2 protein chains.
Amino acid sequence: MESIVTLRKSIDKRLAQLELKAQPKNLYEPISYLLALGGKRFRPLLVLLTAQLRGTFSSQILDPAIAVEVFHNFTLMHDDIMDTAPLRRGQPAVHEKWNQNTAILSGDAMFVKAYQLITKISPGHLPLAMERFNETALQVCEGQQLDMDFEQFSEVSQTDYLEMIRLKTAVLLGFSMELGGLMGGFDRKDQQQLYEVGENLGLGFQLMDDLLDVYGDQQKIGKQVGGDIIANKKTFLMINALDLAGTDVRRQLNVWISIRDVDPKEKVAAVKNIYDRLKIPDLVKIKMNTYFDEAFRLLEIIDCNKEGLKIFNNFARGLIVREG
Amino acid sequence: MESIVTLRKSIDKRLAQLELKAQPKNLYEPISYLLALGGKRFRPLLVLLTAQLRGTFSSQILDPAIAVEVFHNFTLMHDDIMDTAPLRRGQPAVHEKWNQNTAILSGDAMFVKAYQLITKISPGHLPLAMERFNETALQVCEGQQLDMDFEQFSEVSQTDYLEMIRLKTAVLLGFSMELGGLMGGFDRKDQQQLYEVGENLGLGFQLMDDLLDVYGDQQKIGKQVGGDIIANKKTFLMINALDLAGTDVRRQLNVWISIRDVDPKEKVAAVKNIYDRLKIPDLVKIKMNTYFDEAFRLLEIIDCNKEGLKIFNNFARGLIVREG
């Protein structure tokens, strides 16, 4: 049974040792660059911690766990092009530091690296791992497509928004836990239930992100407070505010959404004030906690190793910000 | 034993029936669009014809064969963005018909579809098929990167050029035959030799393409004669001409390469004239035939079904343009 600190070290060490050829430099350097920018390594940790729910940690499960992190970073490399995001983890995004073509092609190569890593799973597990990884990867593409589509829509329903974040974010956390379950030796039914645990955690964390973007501590969240409001993003908060607002307040919100050349601070303060009046934070917290509660309820009814469960819970519950 | 016509029909039918969801439309429509533009289906035919060298055709090998075609089309979708190519098979490229983001993301989804199809290989063959497919996909990325890198170089050596086309084009033909060999039931040594047959064919065909671009019949090759000369591409012809030319002719060539705002016809005629004087076509034909001869020599020493071999040879030899 390994601690989170130990597992994280193993993940970072393995990522730093990823076999990448030296040439062509423009193909492989961006991959090392992006992976070296860090990150919480949330997904591979989820794989390893889930495997530990049944057995003990074995270094053989490290490569497939790393595959999920490499895949996730591949999606970031391509998403940053599509979203014209200049920064990633506070550093220039690959398409900015190099150029767009490099980010396209290095991303493609990075996607293959993810497949190489997942292929290192034991041969008996490979067909199922591949089938589920492929399905998940396709869903993540669907989620990104919906996210881009929604930018063009004047209205997005709550249901459609939740489906979008499910595809874009939650299914990969679901897959991480399913993969951990597969490698840890859980039966298929438990693996599927572990998938649901991860999916629910993912939905909860995404709503938490939406909430923290407006109500979080700038230092803790490491980005500008109200960034989603400034960018007119149709987050769970905005969708619910538009749903709940009366004619008058809705008109005000729509003015703030459509207005250009406005002081960002003024805009954030005004929209936040509307959110407060409509008690949007309470509503989001209730919805978010529904997902978290469901995740931990589902996990409880799976037969787990007690110490593994304690470590898992420490990790997952530790990520949930209750204040703010 | 199936004829080329029958196999091609099976391939086209299966491609048209590829399970693609209806939504999100912007993710999946470009995939169907690109696949429906046609093409020779050279790579999946190579898979199926190679499998037939040992056994008979079974519909179970169709999906992995199709995987190679879908992968190839994915690379076209992304390459067309990088090369800012407006047309693909005479129709608007995906990034032109939709937009660049769509071409990036649909391409990614298409890559996953290729993996889904190859995953349908029998479970016993999956680990090797995945390992080899991953390696090949990575090499194809390397080839595209080198091709882009070479655009920035003032000089490219023959060796470097041949390595670039090996990676960008030939390894996928090698893999097609290796995969056919694996599914057809050849032993590992034969599979590897079949790979070499495909790789040599690929190198030969690429040199043939370079030659036909200048010396081909516009109607037969379906594109503008001399396109590579107009685009200042460092083809096998140009590299050899620069190698062989004396100081004077080399200076003339460099003027034609660096000149802007010139009548394309005049440029093509002038460079072609230099090629003729240096006997470049003969040199390219000799090199090209070396690859083809090696391919057929290697194939001959593999124990094949006679009828299958006849069909294979008809197909492969039929693609070699000896005149021109």
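Throughout, a chain's letter reflects where its sequence line sits, starting with A, and its residues are numbered from 1. Given the structure is predicted, the values throughout are model-derived calculations rather than measurements. Side chains are part of it too, since the values below use all heavy atoms of this structure and drop only hydrogens, waters and symmetry mates.
- Between B:Q23 and A:E142, the closest side-chain pair of non-hydrogen atoms is not below 4.5 Å.
- By the 6.0 Å contact criterion, NZ on A:K120 is enclosed, its count of non-hydrogen atoms from other residues, nucleotides or ligands being greater than 12.
- Looking at A:D149, the atoms closer than 4.5 Å to chain B (heavy atoms on both sides) all sit in the side chain, from C-beta outward.
- B:I81 contributes atom CD1, which lies 7.5 Å from atom CD of A:Q100 (distance to the nearest 0.5 angstrom).
- Side-chain atoms of B:E135 and A:Q116, non-hydrogen and from C-beta on, do get closer than 4.5 Å to each other.
- What you find for A:H78 and B:I104 is that their closest heavy atoms are ND1-CG2, 3.7 Å.
- Note that CG of A:L128 and OG1 of B:T119 are 11.0 Å apart. Values are rounded to the nearest 0.5 Å.
- The line from CG of A:N134 to NZ of B:K113 is 9.0 Å long, rounded to the nearest 0.5 Å.
- Using a 4.5 Å cut-off between heavy atoms, A:K21 contacts chain B through its side chain alone, with no backbone atom that close.
- Your options are A:D79, A:L126, A:N101, and the one with the most heavy-atom pairs under 4.5 Å with chain B is A:N101.
- A:Q17 CD: more than 12 foreign heavy atoms inside a 6.0 Å radius.
- Looking at A:F133, there are no atoms closer than 4.5 Å to chain B (heavy atoms on both sides), in backbone or side chain.
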How far apart are the C-alpha atoms of B:M148 and A:L105, what are their side-chain angles, what is the distance that settles it, and do they pass the side chain to side chain contact (heavy atoms under 4.5 Å, CB included) test?
CA-CA 11 Å; B:M148 294 195 297; A:L105 195 61; 3.7 Å; yes
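- Summarising the local packing, CD of B:Q60 is surrounded by 12 or fewer heavy atoms from other residues, nucleotides or ligands at distances under 6.0 Å.
- Residues A:L138 and B:Y115 have side chains not in contact (no heavy-atom distance under 4.5 Å, counting atoms from C-beta outward).
- Here the CE-CG distance, from A:M82 to B:D108, works out to 6.0 Å after rounding to the nearest 0.5 Å.
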